[in-house]
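Remarks on the structure that follows.
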Amino acid sequence: FQLQASGGGLVQPGGSLRLSCAASGGTFDYYGIGWFRQAPRKEREGVAFISTTGGRTHYANFAKGRFTISTEKDKTVVYLQMNSLKAEDTGVYYCATNSPYVDNTGWLNPLGYDQWGQGTLVTVSS
């Protein structure tokens, strides 16, 4: 199946956005789904991860307390709710698939992911 990321846009500092990662032609059952982001001239970095087997989640330190990753009951969509957005959250956000059993450091490595969505641009600016 394919991954389709959406929900990006322009938002003021302090605002919120909800990104969606949809599974086109399948479901995310028995997968781990990671959200990554890449700002201009910076490396891609992990934002959050969810295992659809048991619902285990991991967050980057900058995302804790502000971002929430979740999935629908039918496991066809994974969301990233982003609150209290800051200018430094600006970037292209990608979702990708991994094993549902990846550990709390392994999920940060983009090389462990095999399928990637096309990315959705988030711009936080006044």
Side-chain angles (χ1 to χ4, degrees):
F1 59 85
Q2 293 183 328
L3 284 71
Q4 296 177 334
S6 61
L10 174 63
V11 62
Q12 292 186 341
S16 298
L17 279 175
R18 188 177 77 162
L19 306 184
S20 299
C21 178
S24 175
T27 76
F28 290 133
D29 210 5
Y30 301 107
Y31 279 92
I33 304 301
W35 279 100
F36 284 75
R37 70 184 188 184
Q38 189 163 19
R41 298 175 297 281
K42 290 190 176 180
E43 292 188 354
R44 193 169 295 191
E45 62 177 350
V47 178
F49 172 91
I50 187 166
S51 168
T52 63
T53 305
R56 180 170 46 91
T57 59
H58 302 300
Y59 294 93
N61 286 337
F62 65 79
K64 291 177 181 176
R66 298 192 299 132
F67 296 179
T68 302
I69 190 169
S70 62
T71 183
E72 291 282 2
K73 196 172 183 179
D74 63 2
K75 298 177 184 176
T76 59
V77 184
V78 170
Y79 300 106
L80 183 68
Q81 177 69 42
M82 304 188 296
N83 300 327
S84 303
L85 283 163
K86 307 174 183 179
E88 52 263 43
D89 294 317
T90 294
V92 178
Y93 283 68
Y94 301 89
C95 57
T97 60
N98 202 330
S99 162
Y101 307 112
V102 68
D103 65 22
N104 60 0
T105 55
W107 75 271
L108 289 163
N109 184 357
L111 296 178
Y113 293 77
D114 45 15
Q115 298 183 78
W116 291 80
Q118 82 284 9
T120 184
L121 177 62
V122 172
T123 304
V124 184
S125 175
S126 55

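The analysis underlying the following values was restricted to heavy atoms, covering all of them including side chains, and did not include hydrogens, waters or symmetry mates.
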### Message
Looking at every non-hydrogen atom in both residues, tell me the closest pair between Ser16 and Gln81 and how far apart they are.
### Response
CB-NE2, 3.9 Å
### Query
Are Ile69 and Val78 close enough that some pair of their side-chain heavy atoms sits under 4.5 Å apart?
yes
### Query
About how many Å separate CG of Leu111 and CZ of Arg44, when rounded to the nearest 0.5 Å?
10.5 Å
#### Entry: Within 6.0 Å of CD in Gln2, more than 12 heavy atoms from elsewhere
no
### Query
Does one hydrophobic cluster hold both Val124 and Leu80, with members joined at side-chain heavy-atom distances below 4.5 Å?
yes
### Query
Tell me, do Asp89 and Arg66 make a side-chain contact under 4.5 Å, heavy atoms counted?
yes
### Minimum heavy-atom distance between Ser126 and Pro13, given as atom pair plus value
N-CD, 3.7 Å
### Query
Heavy-atom distance under 4.5 Å between the side chains of Thr71 and Ile33, does that happen here?
no
### Query
Quick one: are Val11 and Met82 in side-chain contact, heavy atoms under 4.5 Å?
no
### Message
For a quick test of reading the model, state the closest non-hydrogen atom pair linking Pro100 to Ser51 and the distance between them.
### Response
O-OG, 2.9 Å
### Task
For the residue pair Asn98 and Trp107, establish whether any side-chain heavy-atom pair is separated by less than 4.5 Å.
no
### Query
At what distance, to the nearest 0.5 angstrom, does SG of Cys95 lie from CD of Gln4?
9.0 Å
### Query
Any chain of hydrophobic side-chain contacts (each under 4.5 Å) joining Phe49 to Tyr93?
no
### Query
Are Leu19 and Leu3 connected, step by step, through hydrophobic side chains (Ile, Leu, Val, Met, Phe, Trp, Tyr) whose heavy atoms are closer than 4.5 Å?
yes
### Query
Does Leu85 reach the side chain of Phe67, with side-chain heavy atoms less than 4.5 Å apart?
yes
#### Entry: Hphob cluster co-occupancy, Phe62 + Leu108, side-chain heavy atoms under 4.5 angstrom
no
### Task
For residues His58 and Asn104, report the shortest heavy-atom separation together with the two atoms involved.
CE1-CB, 3.3 Å
### Query
What closest approach, in Å, do Ser70 and Ile50 show between heavy atoms, and which atom pair accounts for it?
CA-CD1, 3.9 Å
#### Entry: Atom pair OG1/CG of Thr53 and Asp29 - distance to nearest 0.5 Å
6.5 Å
### Task
Could you list all the ring-ring contact (aromatic ring centres under 6.0 Å, His included) pairs where at least one residue sits in residues 25-45, not counting sequence neighbours?
Phe1-Phe28, Phe1-Tyr31, Phe36-Tyr113, Phe36-Trp116
### Query
Has the side chain of Arg56 got a donor or acceptor atom that lies under 3.5 Å from a matching backbone atom of Asp103?
no
### Heavy-atom closest contact (Thr90 atom, Ala39 atom, distance)
O-CB, 3.6 Å
### Message
According to side-chain contact (heavy atoms from CB on, under 4.5 Å), who are the partners of Ser125, at least two apart in sequence or on a separate chain?
### Response
Leu10, Thr123
### Query
With no hydrogens and no angle check, is any side-chain donor or acceptor of Gln38 less than 3.5 Å from a backbone partner on Gly91?
no
